[in-house]
Structure formats: C-alpha cells, structure tokens
Amino acid sequence: MAYAVRTAAALISLTMLIGCHRRTYYTPPPIDGLHFDARASVVADTLVITGRAANTSHRYVAIEFDRCGGLSDLSVQLMQGVRRWDSRIWETEQLKAAADSLGQITQVCAGSVIETQMKPGSVMPYMLRIPSARILGDSLGGGHYRVIANLIINGRIIKGLNAGEVELPPPNTR
C-alpha cells in the first residue's frame, strides 16, 4: 500500500512539474524594419569604419546592448586578392594582452543588458577605429583594399556589409 501511495504521489508531482514548466531561454528582440550599411575611410593614419542601423519601419524597434562581450559590435575584414585581415583577431589579441597572470581575460560588466527604443526614421551609429600601422604590421602591406563589415545587433550577426574600398599607404620605414 505504501508503495502505491508513493508511486501515485510521484506521478502527481511529475505531472504538476511538467504542466507548470515554463520556457526559461531568452529570445532577443527582432530586427525587422532595420536597414544596415557601412562605410570605411582612412583619416590620417587610422582606418575608420562607420556602421549604421536605420529604422525604416513605422514603429519603434528595441535595441539591446550587452557590454560584457569585450569585443566591438562592429568588425571588418580587409581583402586584397587572397590576402585578408580581420579586426576580430586584432581585438582578441588586444584582450589577451590585458589577461591576468593565469592568462584569463577579466571582464567588467554592468550586470544587465541595456535596452533602448529606436523611433521610426532614426539611425543608430556604430564606429570602429583601427590604426593603419596595426593593420599593416600584422600581415598586409600598403595598397588598395576592399572592406567588408559585420555588425552584431540584438544577438544577431549582420554579415557582408560592403563598406567600400580604401587605400592604405605603405608603412613609414624611417
């Protein structure tokens, strides 16, 4: 009899647990209604990439910022034939340089995601500045490069934004 009572209690508990289960995973806000573009230019000795998210819809769009990642929301690749340079690799190397004695990267986070609302017709700018010497010192020489940008917004990666072409002068060898 005790076995039957325990079995019945277990079945009732299991049924209640399954019936009351809620999904706890997070779904970021949609990016419907946003248009993305990017532009690259060289200012003095710095490659400047500007990405934009424009709200082309007739409603407000939620944008979330999570500053705990350590990497920029905007990244680029410079390409010249088969030669490439990726800003994500450069940023990761910068983070490694700030690692502690155990090689672990310490991040300071605000503790929560920050959200804003983009009104219809508004534009959210993203900017990335990279010293030309850093790019040319890695693996590339001076020359004409195609620039492709990627933007992370609301947990999604917008890939392949044509940011144009730039001319990087050869490094000063004096």
Side-chain angles (χ1 to χ4, degrees), residues 25-56 61-110 112-116 118 123-174:
Y25 59 85
Y26 171 73
T27 303
I31 56 173
D32 299 336
L34 296 180
H35 171 77
F36 305 98
D37 63 20
R39 295 227 160 107
S41 62
V42 177
V43 178
D45 62 347
T46 303
L47 175 64
V48 179
I49 302 92
T50 304
R52 298 181 331 146
N55 185 353
T56 57
V61 175
I63 303 294
E64 292 183 344
F65 298 95
D66 181 4
R67 300 289 24 129
C68 292
L71 299 174
S72 173
D73 291 331
L74 183 62
S75 65
V76 294
Q77 287 113 30
L78 274 68
M79 295 177 277
Q80 182 186 60
V82 295
R83 295 170 55 190
R84 290 179 181 255
W85 184 87
D86 191 325
S87 68
R88 279 285 184 237
I89 296 169
W90 172 68
E91 282 188 291
T92 302
E93 291 300 318
Q94 285 186 314
L95 285 176
K96 286 180 185 175
D100 64 15
S101 61
L102 298 174
Q104 297 180 355
I105 298 168
T106 304
Q107 296 180 1
V108 178
C109 297
S112 64
V113 174
I114 299 167
E115 182 177 301
T116 188
M118 284 182 69
V123 173
M124 179 79 58
Y126 296 82
M127 187 173 287
L128 183 62
R129 295 172 188 263
I130 306 165
S132 297
R134 186 66 190 125
I135 297 167
L136 298 174
D138 275 354
S139 58
L140 302 179
H144 193 80
Y145 291 93
R146 190 174 87 147
V147 182
I148 301 297
N150 301 309
L151 180 62
I152 298 175
I153 188 166
N154 287 358
R156 294 165 180 87
I157 301 174
I158 311 304
K159 293 183 179 182
L161 298 172
N162 182 5
E165 298 182 0
V166 294
E167 187 74 32
L168 294 177
N172 191 354
T173 56
R174 288 192 223 172

Test item: Thr50 side-chain N/O and Arg39 main-chain N/O as donor-acceptor pair under 3.5 Å:
no
Look at the side chain of Glu91 and the backbone N and O of Ser72, then say whether any donor-acceptor pair between them is shorter than 3.5 Å.
yes
Could you give the distance from OG1 (Thr46) to CD1 (Ile135), rounded to the nearest 0.5 Å?
9.0 Å
Test side chain to side chain contact (heavy atoms under 4.5 Å, CB included) applied to Glu167 and Val42, step by step
CA-CA 7 Å; Glu167 187 74 32; Val42 177; over 6 Å; no
Does a side-chain heavy-atom distance below 4.5 Å link Ile153 with Met124?
no
Do side-chain atoms of Asn150 reach the backbone of Gly160 as a donor and acceptor pair under 3.5 angstrom?
yes
How many angstroms lie between OH in Tyr126 and CD1 in Ile152, if you round to the nearest 0.5 Å?
10.0 Å
Where do Arg156 and Pro29 come nearest, in terms of heavy atoms and distance?
NH1-O, 2.6 Å
Are the side chains of Asn154 and Leu34 in touch, meaning some heavy atoms are under 4.5 Å apart?
no
Residue Arg88 excluded, over 12 heavy atoms near CZ under 6.0 Å:
yes
Hey, does the side chain of Ser87 reach the backbone of Ser75 with a donor-acceptor pair shorter than 3.5 angstrom?
no
Looking at Ser132 and Leu47, what are the two nearest heavy atoms and their distance?
OG-N, 4.0 Å
Would you say that Trp85 contacts Ile130 through its side chain, given a criterion of any heavy-atom pair below 4.5 Å between the two side chains?
yes
Nearest atoms (heavy-atom pairs only) where Tyr145 meets Arg83:
OH-NH2, 3.6 Å
